[in-house]
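Chain letters run A, B, ... following the sequence lines, proteins first and then strands; every chain starts at 1.
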Amino acid sequence: LRPAPLPRRAFFWLVSLLLASLLWFVSVQLSDRENANLQYGLLVFGAAVSVLLQEAFRFAYFKLLKKADEGLATISEDGRSPISLRQMAYVSGLSFGIISGVFSVINILADSIGPGTVGIHGDSPYYFITSAFLTTALVLLHTFWGVIFFDACEKRRYWCLGLVVASHLLTSGLTFLNPWYEASLLPILLLTLCTGLWAFSTAGGSFRSVRKCLSCKR
Amino acid sequence: MTELSAHLPQFQHGQLTENFPDNHLSNTNDNSERRRHDNSERRRNDNPESETNGQPQNNIQQVVEQDEEEDEELTLKYGAKHVIMLFVPVTLCMVVVVATIKSVGFYTRKDGQLIYTPFTEETETVGQRALNSILNAAIMISVIIVMTILLVVLYKYRCYKVIHGWLIISSLLLLFFFSFIYLGEVFKTYNVAMDYITVALIIWNFGVVGMICIHWKGPLRLQQAYLIMISALMALVFIKYLPEWTAWLILAVISVYDLVAVLCPKGPLRMLVETAQERNETLFPALIYSSTMIWLVNMAEEDPEAQRKASKNSSYDKQAPANQTQNEDAEADDGGFSREWQQQRDNRIGPIESTPESRAAVQALPSNSQTSEDPEERGVKLGLGDFIFYSVLVGKASATASGDWNTTLACFVAILIGLCLTLLLLAIFKKALPALPISITFGLVFYFATDNLVQPFMDQLAFHQFYI
């Protein structure tokens, strides 16, 4: 029902990415190119800044949607907004996730068509498959975070907000352990599962509703 | 960007000009009254320029407003539908262009330049290259301006036959010659063996059906498909024959020109539209892409009633070859939006020569439309030139960017956002607006930013397999 939701949210994410890259780029330019450790540290710093910026933009988007929603509700005849906040949260999270996932993985996908051998220089040969799993987890996580985030903002539960930001940072941090896939991939998948359950319960689901749905009752 | 509420088709009382879906901004309460009345807006984006082959392209996007009382839910539904209907063709065109660029090597190979861009960019110094590209862009823009003025003059003095002939030649060239080249290159890329007889049959059928659909009647989807294909072909030719810096400069200058031409009181496009409105005519439908079939073009001599009835079953506007005065009636359809895209018929005569006539013809068509319309008709007109330039931007981004897919995606999103914003502005201002400036600005900013800033960052992250 929403007019073209995806590009707008994607735009917000892109802007946040742009700002984060700008910051990183500037910091790289100002720093010593030769020092590998410094570069690595800057990269970590850049990633952390990017995570924080993404969450900030998610918040900004929430504010924007809230205003739009109020406007819509005023206009509508029964004083109610036609789009529920839950739907908005879901779509917002989904589009953040999609654009984030696509940006992360599309070049890898494009390269995977071409001739080459994975990990020929000593890196892990599981690069592609782990990238695939990580991207999946990331997209799902963004969707869940969107739902939880919007709900937390709506109900002013700021600890929830903090938890979402913290889990985002944690996920990003876990990927820094990357060639050691047991330490990074497994926890991330577990985190995805937990966040999913949390989002599901936030959205109003429960064990009973799942059972009702599965048994196809009305 | 706030959500766009659906536009309500509204009938502007007294003035039946255009019904176009209006996009409301849902979060502006103070505008609610206005929004209710402005359901459709017409935005016209004229882009008369002679493209590399000297084909003027007009991008006119018009959204007509109608005043109507409607359910807010309905408004939202229509608004969403409307924006999506605008997004889908633009996306399709860009997808076709990017797919071709990525697979067929012909369009990224440098095989010379058009005569409109005589200065080469392979120079020794950066300064020389910059100077050459500025000169190229200046030449191109002046050609376009001249062509547009020529077209406006022709239109003002009612030389409809000349214009019409010009348009026919343009679309002939595009549909036959360029698609022949395209087909040949695709076959070469995939190493498909083909004989001339089959190719002749294919091209003949493709071209003739295209001519009929575009200039006369045809199923809506087919016509839309042809318009998209034509825009994609044009964009591909531009991408191939414009050197890099020239292309970016031209894009930037074109959007400025578009802004000036449509909004300034003495701008050629604006004069064209106003003249058309005074005469109560529709502008050349061949350059307009309609997303709904409810347009019915009546010949001035024919009985409007009979026409209307006759065309109730047809789906397209019928263009009288000799008569440019057409009244479009939009039948109430199922509430869909009629969007007319203006076909840009850039006559691309070929990479080498260009005919001024075709160029002027293509350029001269602003997609302004019809003054008398059925109140229930809704539609937005978008000029084909908009299609073409959006696709040129995205295509160039995918062809030359080091960031490859990331840059392409970023430009794509930026253009769509620009389109959204333009539609929003259309809802607010309710008059013809240029569709190029905002989208192209966003696209250019995102292209350069993503290519130079984001790409190294993402590259490093991907190298270490970090995720953010």
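Once rounded to the nearest 0.5 Å, the distance linking CD1 of A:Ile106 with OG1 of B:Thr408 reads 9.0 Å. B:Leu461 contributes atom CG, which lies 7.5 Å from atom CZ of A:Phe176 (distance to the nearest 0.5 angstrom). In this structure, CD on B:Gln455 lies 5.5 Å from CG on A:Asn107, to the nearest 0.5 angstrom. Atoms CD1 and CH2, on A:Ile108 and B:Trp405 in that order, are 15.0 Å from each other to the nearest 0.5 Å.
With a 4.5 Å cut-off on non-hydrogen atoms, A:Ser50 touches chain B through its side chain but not through its backbone. The parts of A:Ser104 that come within reach of chain B are both its backbone and its side chain, each placing non-hydrogen atoms under 4.5 angstrom from that chain. Using a 4.5 Å cut-off between heavy atoms, A:Thr130 touches chain B through backbone and side chain atoms alike.
With a 6.0 Å radius and a threshold of 12 heavy atoms from other residues, nucleotides or ligands, A:Phe128 has its CZ atom above the threshold. Applying the 6.0 Å contact sphere to CZ of A:Phe57 captures more than 12 heavy atoms from other residues, nucleotides or ligands. The neighbour count for A:Ile129 CD1, taken as heavy atoms of other residues, nucleotides or ligands under 6.0 Å away, does not exceed 12. Within 6.0 Å of CZ in A:Phe133 there are 12 or fewer heavy atoms belonging to other residues, nucleotides or ligands. With a 6.0 Å radius and a threshold of 12 heavy atoms from other residues, nucleotides or ligands, B:Arg109 has its CZ atom above the threshold.
Considering every non-hydrogen atom in both A:Thr175 and B:Phe466, the closest pair reads O-CD2, 3.5 Å.
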Under 3.5 Å donor-acceptor pairs involving side-chain atoms of residues 434-446 of chain B, not counting sequence neighbours:
{"residue": "B:Ser439", "atom": "OG", "partner": "B:Tyr390", "partner atom": "OH", "Å": "3.4"}
{"residue": "B:Ser439", "atom": "OG", "partner": "B:Ile415", "partner atom": "O", "Å": "3.2"}
{"residue": "B:Ser439", "atom": "OG", "partner": "B:Leu419", "partner atom": "N", "Å": "3.0"}
{"residue": "B:Thr441", "atom": "OG1", "partner": "B:Pro437", "partner atom": "O", "Å": "2.4"}

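With sequence neighbours left out, the salt bridge (charged side-chain N to carboxylate O under 4.0 Å, His left out) criterion links A:Lys63 to no other residue.
With respect to chain B, the highest number of heavy-atom pairs below 4.5 Å among A:Gly173, A:Ser131, A:Ala48, A:Ser100 belongs to A:Ser131.
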